[in-house]
Amino acid sequence: MGRKLYFLVGNGGFGWDKGESIFDQALLHLRHVQSITDVVQTEGFIQTDFNKKRLLTKRELIGAGFRFRIFKTDGFKIRLGTTYFYEHENYDVPANSIHGNNLYANRFFTYLTFEYEIKKSVKLFLVNYFQPQIGKWDDYRIISDNSLIVGLSSFVDLQVSFNLRFDSRPPESIKNTYTFTKSGFRFKF
C-alpha cells in the first residue's frame, strides 16, 4: 500500500498432556506502519491476548512510536523500534494477591528485529523486546520471539518457533522465565 503497511496477526493454541491443559493462549494484534523516510517509520498498534499458563485472563493494550531501519541488504534486515503503550491486564489470582489481579501500566517498549533470508524459501526471524514500566523501572519484561520459516508453496509456510519470556514481577505462583517451542503452518492471503 505504498508507504503504508497494515497487518493483523492472530495466534493461538491449546493442548493437553495426559488430561492436563498445557497450552491455552491466544493473541490478536493490529498494526499500522507509515514510512516518513527510507529509514524512519511511525507505527500504531492495538492488541488483545490471554495466556492461562501465565494466569493472564485478559490483556489489552494500545501504543504508538517509531521504528528505524538500521541495516538492509537483499537478504538481511535489522530494525530498532521505540514506542510507548498503555496496558490493562487481568490475572486469575486471589484479590488479596501481592501481584494484584487487575493491573494498569504505562510501558516504554524497545525492540530489535533481525530478518535473514538463508536461501530463497528459508528465513530466520529474531525479535527481542524490552518493556519496562515507566516510573517503576524494576518492573520489566524481556521477550525473545525466534522463528525459522520454510516456504512450502506461494501461500503456505512451515514455521518452527522458540519463545522466551522473562517477567521481573509475575504472579507469585508463576516462574520469572517462561519458554516454549512450537511448530505450525502460516497461511498468506
Side-chain angles (χ1 to χ4, degrees), residues 5 7-18 20-31 33 43 45 47-59 61 63 67-83 85 87 89 91 107-133 139-153 155-171 173-189:
L5 169 69
F7 64 89
L8 177 66
V9 175
N11 187 355
F14 58 91
W16 294 270
D17 184 17
K18 298 177 185 166
E20 181 180 331
S21 176
I22 59 169
F23 192 65
D24 190 359
Q25 63 90 29
L27 174 137
L28 191 60
H29 180 93
L30 176 65
R31 186 171 295 242
V33 180
E43 58 186 351
F45 52 90
Q47 177 176 310
T48 184
D49 62 297
F50 70 90
N51 187 312
K52 297 209 175 165
K53 182 120 177 140
R54 295 190 342 255
L55 303 179
L56 179 66
T57 58
K58 180 173 67 172
R59 179 177 185 230
L61 62 88
R67 73 178 183 176
F68 308 92
R69 186 177 71 215
I70 304 300
F71 183 79
K72 181 180 178 183
T73 65
D74 287 340
F76 188 68
K77 297 177 190 172
I78 301 175
R79 291 188 194 96
L80 173 69
T82 181
T83 67
F85 71 88
E87 73 178 350
E89 296 177 314
Y91 285 89
R107 290 195 181 269
F108 178 68
F109 174 26
T110 301
Y111 65 90
L112 189 61
T113 67
F114 299 88
E115 296 179 31
Y116 177 52
E117 187 171 11
I118 298 168
K119 59 184 196 176
K120 184 173 167 65
S121 60
V122 180
K123 295 180 181 176
L124 181 65
F125 289 97
L126 311 172
V127 185
N128 297 286
Y129 306 91
F130 178 60
Q131 302 174 343
Q133 184 174 170
D139 179 0
Y140 62 92
R141 299 178 187 131
I142 298 171
I143 303 165
S144 183
D145 292 328
N146 309 288
S147 297
L148 179 65
I149 299 167
V150 178
L152 301 177
S153 73
F155 63 94
V156 178
D157 296 331
L158 172 66
Q159 179 174 337
V160 178
S161 301
F162 171 77
N163 304 88
L164 176 134
R165 177 185 180 91
F166 175 84
D167 188 342
S168 69
R169 291 192 175 171
S173 61
I174 302 296
K175 295 186 281 185
N176 288 77
T177 304
Y178 173 78
T179 62
F180 67 93
T181 303
K182 64 181 179 178
S183 59
F185 297 96
R186 292 179 4 147
F187 299 95
K188 299 174 274 192
F189 301 102

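The chain is numbered in sequence order, starting from 1.
Less than 6.0 angstrom separates the ring centroid of Phe109 from the ring centroid of Tyr111.
Between Pro170 and Asn176, the closest heavy-atom pair is CD-ND2, 3.7 Å. The shortest heavy-atom contact between Ser144 and Asn146 is OG-ND2, 3.0 Å. Closest heavy-atom contact between Ser173 and Leu55: OG-CD1, 3.4 Å. Across all non-hydrogen atoms, the minimal contact from Glu117 to Lys119 is CG-O, 3.2 Å. Closest non-hydrogen pair, Asp49 versus Leu27, comes out as CB-CA, 3.7 Å.
Rounding to the nearest 0.5 angstrom, the gap separating the CD atom in Gln47 from the CG atom in Leu61 is 4.5 Å. Interatomic distance, NE2 of His29 versus CG of Leu8, reported as 9.0 Å (0.5 Å rounding). Taking CZ of Phe68 as the reference point, atom CD1 of Ile78 lies at 15.0 Å (rounded to 0.5 Å). If you take CZ on Arg59 and CZ on Phe50, they are separated by 14.0 Å, rounding to the nearest 0.5 Å. Considering CG of Asp139 and CD of Gln131, their distance stands at 10.5 Å, rounded to 0.5 Å. One distance of note links CG of Leu112 with OG1 of Thr82; it measures 12.0 Å at 0.5 Å rounding.
Residue pairs satisfying the side-chain hydrogen bond (donor to acceptor under 3.5 Å, both in side chains) criterion with at least one member in residues 160-171, sequence neighbours excluded, are listed as follows: Asp138-Arg169, Asp145-Asn163, Ser147-Ser161, Gln159-Ser161.
The side-chain hydrogen bond (donor to acceptor under 3.5 Å, both in side chains) test applied to Glu115 returns Arg79, not counting sequence neighbours. Scanning for ring-ring contact (aromatic ring centres under 6.0 Å, His included) contacts around Phe166 gives Tyr140, with sequence neighbours left out.
The environment of Lys53 atom NZ is sparse: at most 12 non-hydrogen atoms of other residues, nucleotides or ligands sit within 6.0 angstrom.
In this structure, the side chains of Phe185 and Leu158 come closer than 4.5 Å at one or more pairs of heavy atoms. Side chains of Phe162 and Thr179 form a contact here, defined as non-hydrogen atoms less than 4.5 Å apart. Contact annotation: the side chain of Asn128 never approaches that of Phe130 to less than 4.5 Å [non-hydrogen atoms, C-beta and beyond].
Using a cut-off of 4.0 Å between Lys/Arg side-chain N and Asp/Glu carboxylate O, Glu89 and Arg107 are scored as not salt-bridged.
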- [ ] Begin with the C-alpha distance, continue with both residues' side-chain angles, and end with the deciding distance and a verdict on side-chain contact (heavy atoms from CB on, under 4.5 Å) for Phe45 and Leu30.
- [x] CA-CA 6 Å; Phe45 52 90; Leu30 176 65; over 6 Å; no
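Annotation: cation-pi pair Arg31/Phe7 absent, no NZ/CZ under 6.0 Å from the ring centroid and within 45° of its normal.
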